Amino acid sequence: MKRHLALLVLPVLLGAAAPSPSATPQPSPANIHAANGWFRYLLPNIPAGGYMTLSNSGDSTTRLIGASSPACGTLMLHKTVNDGGTSMMEMVKSITIPAHGQVSFAEGGYHLMCMKPKMKVGDKIGITLKFADGGDLLLLLPVYGPSGPSGA
């Protein structure tokens, strides 16, 4: 449990590293599309998870480098990893979205981690996704309970 907490807290204390400039052109957020986005909310003292599919219709790979929301104390990019049979969540600095490809944010993989959530089931919360090219994508996502959209 201590290791799990350290993985959540340490990146927050250290801060996210600045993205390095890229020599290849990056697509604008107009090439990035989100589908089936939502948040799972449990309790105010338990992190909420954000899920969606991001698609890149552009000719170049792009990187998601951050996220923010007024409904979260902190909103981080996370990935669930398996370490010796134990699932843990780790903060990631960026998520690559391939040209003409997509990345799913789902349970057991990439997801958004909302620390100190300020939301309730039935809300729609605004989030901003930040990309390496400097562009932002604004989304409005519904909030569901433990069963997710299928239990709504």
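Given the structure is predicted, the values throughout are model-derived calculations rather than measurements. Just the heavy atoms: all of them, side chains too, but no hydrogens, waters or symmetry mates, feed the values below.
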Could you give the distance from CZ (F131) to CG (N56), rounded to the nearest 0.5 Å? 8.5 Å
Find the distance between OG (S94) and CG (L77) and round it off to the nearest 0.5 Å. 8.0 Å
Exercise answer: donor-acceptor pairs, residues 111-130 side-chain atoms, under 3.5 Å, sequence neighbours excluded:
{"unit_1": "H111", "atom_1": "ND1", "unit_2": "G109", "atom_2": "O", "d": "2.9"}
{"unit_1": "K120", "atom_1": "NZ", "unit_2": "D123", "atom_2": "OD1", "d": "3.0"}
{"unit_1": "D123", "atom_1": "OD2", "unit_2": "K120", "atom_2": "N", "d": "2.8"}

Only pairs at least two apart or in different chains count here, so list each salt bridge (Lys or Arg N to Asp or Glu O under 4.0 Å) that has a residue in residues 37-49. R40-E107
Below 4.5 Å, heavy atoms only, C-beta onward: do K93 and I65 meet side chain to side chain? no
Measure from the side-chain N and O atoms of D83 to the backbone N and O of S87, and report whether any donor-acceptor pair falls under 3.5 Å. no
From NZ (K79) to CD (E90), nearest 0.5 Å: 9.0 Å
Inter- and intrachain pairs under salt bridge (Lys or Arg N to Asp or Glu O under 4.0 Å), touching residues 42-51, at least two apart: none
What is the distance from atom CG of L138 to atom CG of L140, rounded to the nearest 0.5 Å? 10.0 Å
Pairwise side-chain contact, T53 with V103, heavy-atom cut-off 4.5 Å (strictly under): no
I'd like to know if the side chain of S69 reaches the main chain of A71, judged simply by a donor and an acceptor atom lying under 3.5 Å from each other, with no hydrogens or angles considered. yes
Is there side-chain contact between I32 and S55, with heavy atoms separated by less than 4.5 Å? no
State which residues pass side-chain hydrogen bond (donor to acceptor under 3.5 Å, both in side chains) with N36; sequence neighbours excluded, sorted by chain then number. none
Atom of M91, atom of H78 and distance for their closest heavy-atom approach: CA-CD2, 3.8 Å
Applying ring pair (Phe, Tyr, Trp, His ring centres under 6.0 Å), which residue pairs with at least one partner in residues 89-110 are found, sequence neighbours left out? none
Do W38 and L141 come close enough that some side-chain heavy atom pair is under 4.5 Å? no
Any donor and acceptor pair, going by atom type alone, linking the side chain of N82 with main-chain N or O of G85 inside 3.5 Å? yes
Return the OH to OG distance between Y51 and S104, rounded to the nearest 0.5 Å. 13.0 Å
Just jot down the side-chain hydrogen bond (donor to acceptor under 3.5 Å, both in side chains) partners of T80, sequence neighbours excluded, or say none. none
